[in-house]
Student: 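Sharing a structure with you now.
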Amino acid sequence: MPSPLTERPAPAAPTPIAPAPAAPTRPGAALGRRTRVFALPEARWAAAATLLFLLALPLQSAGAPLWSWGTLYGLAYAAGGWEPALAGLEALREKSLDVDLLMIAAALGAAAVGQAGDGALLIVIFATSGALEALAAARTADSVRSLLDLAPATATRLRAGGTEGTEGTEETVPTADLVVGDIVLVRPGERIGADGRVLDGTSEVDQATITGEPLPVVKEPGDEVFAGTLNGTGALRVEVGRDASDSVIARIVRMVEEASGTKAPTQLFIEKVEQRYSIGMVASTLAVFAVPLAFGAALTGSLLRAMTFMIVASPCAVVLATMPPLLSAIANAGRHGVLVKSAVVMERLGQVDSVALDKTGTLTEGTPHVTDVRPLPDSGMDEEELLILAAAAEHRSEHPLARAVVEAARARGLALPVAEDFTSTPGAGVTATVDGRKIAVGAPARLLSGAEDAPAAVTAELEDGGRTVVLVLADGAPAGVLGIADRLRPDAAATVASLAGLTGPAPMLVTGDRPRAAARLAAEVGITDVRAGLLPQDKVAAVRELERAGHRVLAVGDGVNDAPALAAAHVGIAMGRAGSDLALEAADVVIVRDELATVPAVVALSRRARRLVAQNLVVAAVFISGLVVWDLAGTLPLPLGVLGHEGSTVIVGLNGLRLLREAAWTRAHTESRR
Ligand code: ADP
Ligand code: MG
């Protein structure tokens, strides 16, 4: 089935990747299986048509009676042509012209002028190339699905047991029925059925399905585990933390599905021109038929030439030029932990020419820890008091710095009082009432306008030591500072260099941290353009400023405070593992494997995809114009015309699939490092 001239209602091109799963809990039930050729009905029908054709041909040339080979040819027409004919008629009802129908018309026309064999060959080639395309589409889909290892369908739930004795009874339930708070037992070697927290047990868990990390991670009580990841040799008791439809793996599946349902701008443009083109084509076909006839040419010759014209002028290869490279690139990136949400994004990624990077959680690992607790002399507090107040206030914040503060208090075995009136300002900090005192933690100049900062001597000393300084205010007065250290990602400097190599100017650092800390880190990774002390709206303004200057900006971030900038940029990339839900939502691309170096790699991959699209369009145009000229100037035999047309369509289709190969990613990765 050469791709239709116009969008078809049936599930044909462009490659639908994953059929929406009936239940979001069991995505892509066909994991890891590669579609076999004859599993596809298209392939079975094409084989039948081929067989019938091969039976008829010798009969015809041996001079057997007409009814024998005539019947076989007729059956070959039917086997190879019924499906495209139905699809074509369906499209016609919606007032759009389908190339399938033109093919059938050409074959019937050939039969009408006594060339039944040529017509049948046309049907055979047509059906075979249709089967090849269907196979390519199915393989692309397989490859996307295989990156989503399955969340198991059932889990072992431990009954909480109101009544004595039933406590701890095990029951097997569908994972879809698990609710937040359920306790499940995960046996050694089992896949974990839900996102949640380990209550007891210790085990190494292979999280490759969602993080792409090859090495297992040790899970202990308190650690988070994810649905679809593979338990090692220990047994775990896990408290379910998220409904099945909310789990990380389910969200990834949804994202990939949504991506496969989108179309790139190039594709949309092609489809727009297509209708007009096909009408022009039919008109030209009539002219190719009628004009020579009017000048006394023979009917049979004119008809055959017109049929050939109609076939070779169809833009099948053009239609197939765009989506396979982009979808293959999406699938390949997905296998490497980079989820690109749509074909539009895959096309855009290659266009970016400047980059804005967030600091905390993006260039740094985002797992900070408190290194210094410094009460100010005037506050009359000791270290523990300061930490208790700060940690109590931070308790409900999702920010990495907040987690560090709470963790520091826990590590010292401090009991935290309950905080009230909690508020959080992204990019600034938190406030809360603790033990009747108004506590603010963060960068208070922004939290409470007019609030005093900590003495410059203290903050400068910590910042020069590479710390992020967080101020703690009690009732509006500075009570102390916390010095927080976060490790630079090991691939941060290399990534900055790669991005600079790919996009021209070195990336810009946009951070909510103070200027001094930001400048220090920027120097370490090789960034000179530093914007510090930014609120979320300031990050957006920085992106807009670049775009006004004519740049296409790639923004990379992780936090709630980055979400608006990620949405505003030409392409936004979120760091998936530590990233806040809001950032994941706002971003166009999510890095699930926590590897910054995949950012330049996916940009390079997109550029390769764009080059392939351009290449494909050239190949398609050359074939179409070459064959058309040949047909008009001389006598292009119908079967050869069909072969040329289908051949170019298949070449273009397969060319796009090259990006599915592992080598395509490796090459993009190396290319980005030059
Ligand atoms: P970045 O933009 O580099 O990712 P953020 O915008 O997340 O950093 O944070 C910027 C600054 O805001 C931090 O350096 C800190 O001073 C302050 N801040 C924001 N949220 C919090 C919080 N929950 N606790 C403490 N400080 C915070
Ligand atoms: Mg951040």
Side-chain angles (χ1 to χ4, degrees), residues 356-368 370 387 389-409 419 422-432 439-448 451 453-454 459 462-463 466-473 480-486 488-489 492 508-522 525 527 530-540 542-543 555-566 572-580 582-584 586-587 591 596:
L357 293 172
D358 168 53
K359 181 175 80 73
T360 319
T362 302
L363 284 177
T364 69
E365 286 183 342
T367 45
V370 175
L387 197 54
L389 291 175
E394 292 275 33
H395 200 73
R396 279 165 56 196
S397 168
E398 92 302 337
H399 200 277
L401 294 181
R403 272 183 268 144
V405 174
V406 174
E407 196 45 51
F422 173 82
T423 66
S424 159
T425 314
V430 300
T431 63
I439 304 298
V441 190
R446 291 192 224 123
L447 270 186
L448 314 166
D453 202 348
T459 59
L462 289 172
E463 284 174 348
R467 306 285 184 259
T468 287
V469 174
V470 166
L471 182 63
V472 184
L473 293 179
V481 297
L482 305 175
I484 301 179
D486 193 0
L488 201 61
R489 285 181 194 271
M508 178 202 263
L509 184 67
V510 289
T511 176
D513 206 350
R514 296 147 169 265
R516 211 179 169 113
R520 206 193 116 97
L521 182 129
V525 296
I527 294 182
V530 182
R531 315 282 168 95
L534 302 187
L535 287 174
Q537 59 270 32
D538 304 328
K539 291 195 179 193
V540 174
V543 167
V556 191
D558 69 312
V560 173
N561 62 322
D562 298 317
L566 295 183
I573 300 188
M575 304 304 293
R577 200 159 54 146
S580 63
L582 202 63
L584 299 194
I591 307 278
L596 200 58

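Counting starts at 1 for both ligands and their atoms, in listed order.
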Student: Which atom pairs, nitrogen or oxygen on both sides, join ligand 1 and the protein at under 3.5 angstrom?
Tutor:
from, atom 1, to, atom 2, distance (Å)
ligand 1, 2 (O), Asp358, OD1, 2.8
ligand 1, 2 (O), Gly512, N, 2.9
ligand 1, 2 (O), Lys539, NZ, 2.6
ligand 1, 2 (O), Asn561, ND2, 3.2
ligand 1, 3 (O), Asp358, OD1, 3.3
ligand 1, 3 (O), Thr360, N, 3.0
ligand 1, 3 (O), Thr360, OG1, 2.9
ligand 1, 3 (O), Thr511, OG1, 2.5
ligand 1, 4 (O), Asp358, OD1, 2.5
ligand 1, 4 (O), Asp358, OD2, 3.1
ligand 1, 4 (O), Thr360, N, 3.4
ligand 1, 4 (O), Thr360, O, 3.3
ligand 1, 6 (O), Asn561, ND2, 2.3
ligand 1, 7 (O), His399, NE2, 2.5
ligand 1, 7 (O), Asn561, ND2, 3.4
ligand 1, 8 (O), Thr360, OG1, 3.4
ligand 1, 12 (O), Gly427, O, 3.2
ligand 1, 14 (O), Asp513, OD1, 3.2
ligand 1, 18 (N), Ala428, O, 3.2
ligand 1, 23 (N), Glu394, OE1, 3.1
ligand 1, 23 (N), Ser397, OG, 3.3
ligand 1, 24 (N), Glu394, OE1, 3.3
ligand 1, 24 (N), Glu394, OE2, 2.5

Student: How long is the gap from OG1 on Thr364 to CG on Asp558, to the nearest 0.5 Å?
Tutor: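 Output value for this atom pair is 7.5 Å.
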
Student: Of the non-hydrogen atoms in Gly366 and Asp486, which two are nearest, and what is the gap between them?
Tutor: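 In this case the closest contact between Gly366 and Asp486 is N-OD2, 3.1 Å.
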
Student: Which atom names give the shortest non-hydrogen contact between Gly442 and Val470, and what distance separates them?
Tutor: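 Scanning both residues completely, I find the closest heavy atoms to be N-CG1, 3.5 Å.
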
Student: If we ignore hydrogens and angles and just use 3.5 Å, is the side chain of Arg514 paired with the main-chain N or O of Ala532 as donor and acceptor?
Tutor: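 No, Arg514 side chain to Ala532 backbone: no donor-acceptor pair under 3.5 Å.
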
Student: Answer yes or no: is there a donor N or O on one side and an acceptor on the other, between the side chain of Arg403 and the main chain of Glu394, under 3.5 Å?
Tutor: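 Checking the backbone N and O of Glu394 against the side chain of Arg403, no donor-acceptor pair under 3.5 Å is found.
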
Student: Taking Asp358 first and then Lys539, would you say they form a salt bridge - that is, a charged N and a carboxylate O separated by under 4.0 Å?
Tutor: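 Judged by the 4.0 Å cut-off on N to carboxylate O distance, Asp358 and Lys539 do form a salt bridge.
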
Student: Under 2.8 Å from the Mg ion (ligand 2), protein N/O/S atom count?
Tutor: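 Considering protein N, O and S only, the Mg ion (ligand 2) has 3 within range.
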
Student: One pair to check against side-chain contact (heavy atoms from CB on, under 4.5 Å): Leu521 and Thr511. What are the steps and the verdict?
Tutor: CA-CA 11 Å; Leu521 182 129; Thr511 176; over 6 Å; no

Student: Just how far is it from atom CZ of Arg520 to atom CD of Glu463, taken to the nearest 0.5 Å?
Tutor: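 It comes to 10.5 Å.
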
Student: Does the side chain of Val556 come within less than 4.5 Å of Ile591's, by heavy atoms?
Tutor: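 Counting from C-beta outward, Ile591 and Val556 never come under 4.5 Å.
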
